[in-house]
Novice: 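Below is a structure I'd like to ask you about.
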Amino acid sequence: MNQAPDCPSPATTTRPGEHFDAHLAQPVFFCAPSRLVIADGAIRQAAPLLAAQGWRHALLVTDRFFSQSSPWVKALVDSLSLNGISVRVFDDGEPDPTVTLCDQATRELSPDLQANPFDHVIALGGGSNIDLAKALCLTLALQCPIRELVGQSRWPKEPLPLVAIPTTAGTGSEITPGTILVDPASPTKVAVMGNGLRPKIALIDPELTYSCPPRVTADAGIDALTHAIESLITKDGKDFDTGLDPDPGYSGRNALTMPLALQAIQWIFKALPVAMEHPHDPQARRMLAYASVYAALSYGSAGLHAVHGLAYALAGVTHDTHGSTNAVFLPYVMDALLEERAEELGWIAQAGSVSVAAGAAPAAPSQAAALVRDLIAKVGLRTNLREFGIQAGQLGQLIEQGLAVTRLAKAYPAAGVNEAYARIVNAAFHGTLTG
Ligand SMILES: NC(=O)c1ccc[n+]([C@@H]2O[C@H](COP(=O)([O-])OP(=O)(O)OC[C@H]3O[C@@H](n4cnc5c(N)ncnc54)[C@H](O)[C@@H]3O)[C@@H](O)[C@H]2O)c1
């Protein structure tokens, strides 16, 4: 997208290198896995690293693609065994796991727990397998249905330690404190969140993402872009309501989270179109893997708001993928925050316009949302609610259910959240941007 000749110049008032100076007074409460490994071929380092923790009995949570159509499960099991670790493989993972699947798996795996107690859980797969594994870390330890734990952030027993090996570059679940599950009895996805649920080890191997089908690459890439943008423009740490929790999962943006988010945005604009066309391009896959981690380190402390709240409500109605339900709201949330977050939108516009044409003049903040929407369309995702089959009569329900995810609605960084959600949903329905 080229800048129109009469566009105002970006509202960036800081010089490069000074972008985050004004945020140094924001409080930081940063949580991350205690070990973060990123390397081509890193999966081969997993077994010795786990053995070095003193662990001897693993539960490996994955799905049939990985156990039947990839070499990784067999290679991992062999290498764990060589390192003195026995493994029970659970390969019934599914996209968007439900509370029902989690409870069935808990029942199926509990007898193993008596015979040979697992001392850690390994998740291999996309966000879905990682989230199922996270939930199992809790339910196997506590021996209760997962629904009983929704809304709690601390538990009478520690969850089993989790090692997350993501095979998509997007969700960041290998870094974050939450598991997101579908509950057939609830109109939106439900979450169990607490810092104790963060994986102990996140092992990121970009080579594992080469086999992602284009649609999975697109969904995950736009999910990571959403994490980065939402956390870059979320509430400041000093204004964030942690409910006086001494160990909060999310606590607002600050001078540590914001640079991570901006770097992730720059990498995604650059690498996502390349990875879509050339799935085996090592540098594009590395860039997306890094971007996903950086975005997750950012949002995993700063938190998210309207895009995710509304995406959970839409997924409750249409059951579409997480990446696609985020994608359809992201440009309209950015557009709604044009006044409050002009400077950050200027940085995003600059990242987007430079990625479209080398040497292009930086676009204005008002063009950031359109640049993001162009990227979403370019990778084949839908850009308005009508394309999801949503009717005008369903908009009220989306607004209401989005607002009902109060932990996200309260982080919306502007006054008048009810009216803002209504404006965003209407704009997403008609596909209208003001910028
Ligand atoms: N807990 C969190 O912090 C968090 C954050 C964002 C999203 N999520 C959740 O993550 C889920 C989406 O995860 P996702 O986008 O990673 O997709 P996914 O895990 O749902 O996987 C989608 C499909 O892609 C396949 N797949 C994954 N990696 C592959 C590979 N390398 N090669 C071939 N096929 C592969 C899977 O087998 C699956 O069939 C949603 O349920 C969402 O709610 C959780």
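Whatever order the structure lists them in is the order used to number ligands and atoms, beginning at 1. Computed from heavy atoms alone, side chains included, the values below leave out hydrogens, waters and symmetry copies.
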Novice: Could you tell me if the ring centre of Trp55 sits under 6.0 Å from that of Phe118?
Specialist: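 No, the ring centres sit 6.0 Å or more apart.
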
Novice: Tabulated below should be the N or O atoms of ligand 1 paired with protein N or O atoms at under 3.5 Å; can you produce that?
Specialist:
unit_1: ligand 1; atom_1: 1 (N); unit_2: Asp131; atom_2: OD1; d: 2.8
unit_1: ligand 1; atom_1: 1 (N); unit_2: Asp131; atom_2: OD2; d: 3.2
unit_1: ligand 1; atom_1: 1 (N); unit_2: Ser173; atom_2: OG; d: 3.2
unit_1: ligand 1; atom_1: 1 (N); unit_2: Gly178; atom_2: O; d: 2.9
unit_1: ligand 1; atom_1: 3 (O); unit_2: Thr176; atom_2: OG1; d: 2.6
unit_1: ligand 1; atom_1: 3 (O); unit_2: Tyr299; atom_2: OH; d: 3.2
unit_1: ligand 1; atom_1: 13 (O); unit_2: Gly127; atom_2: N; d: 3.2
unit_1: ligand 1; atom_1: 16 (O); unit_2: Gly127; atom_2: N; d: 2.8
unit_1: ligand 1; atom_1: 16 (O); unit_2: Thr168; atom_2: OG1; d: 2.7
unit_1: ligand 1; atom_1: 19 (O); unit_2: Gly127; atom_2: N; d: 3.2
unit_1: ligand 1; atom_1: 19 (O); unit_2: Ser128; atom_2: N; d: 3.0
unit_1: ligand 1; atom_1: 19 (O); unit_2: Ser128; atom_2: OG; d: 3.4
unit_1: ligand 1; atom_1: 20 (O); unit_2: Ser128; atom_2: OG; d: 2.6
unit_1: ligand 1; atom_1: 28 (N); unit_2: Thr167; atom_2: OG1; d: 2.8
unit_1: ligand 1; atom_1: 31 (N); unit_2: Thr167; atom_2: O; d: 3.0
unit_1: ligand 1; atom_1: 31 (N); unit_2: Leu208; atom_2: O; d: 2.8
unit_1: ligand 1; atom_1: 31 (N); unit_2: Ser211; atom_2: OG; d: 3.4
unit_1: ligand 1; atom_1: 32 (N); unit_2: Ser211; atom_2: O; d: 3.3
unit_1: ligand 1; atom_1: 32 (N); unit_2: Ser211; atom_2: OG; d: 2.8
unit_1: ligand 1; atom_1: 37 (O); unit_2: Asp63; atom_2: OD1; d: 3.4
unit_1: ligand 1; atom_1: 37 (O); unit_2: Asp63; atom_2: OD2; d: 2.9
unit_1: ligand 1; atom_1: 41 (O); unit_2: Asp96; atom_2: OD1; d: 2.6
unit_1: ligand 1; atom_1: 43 (O); unit_2: Lys189; atom_2: NZ; d: 3.0

Novice: Who passes ring pair (Phe, Tyr, Trp, His ring centres under 6.0 Å) against Tyr332, sequence neighbours left out?
Specialist: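 So Tyr332 forms no ring pair (Phe, Tyr, Trp, His ring centres under 6.0 Å) with any residue.
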
Novice: Using 4.0 Å as the upper bound for N to carboxylate O, is an ion pair formed by Asp92 and Arg64?
Specialist: yes

Novice: Can you tell me if Thr321 and Ser324 form a side-chain donor-acceptor pair at under 3.5 Å?
Specialist: yes

Novice: Closer than 4.0 angstrom, basic N to acidic O: yes or no for Arg286 and Glu207?
Specialist: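 Looking at Glu207 together with Arg286, the answer is no, because their closest N to O distance does not fall below 4.0 Å.
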
Novice: Before accepting this row, confirm whether a basic side-chain N of the pair Asp78/Lys74 lies closer than 4.0 Å to the acidic partner's carboxylate O.
Specialist: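 Yes, charged N to carboxylate O under 4.0 Å.
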
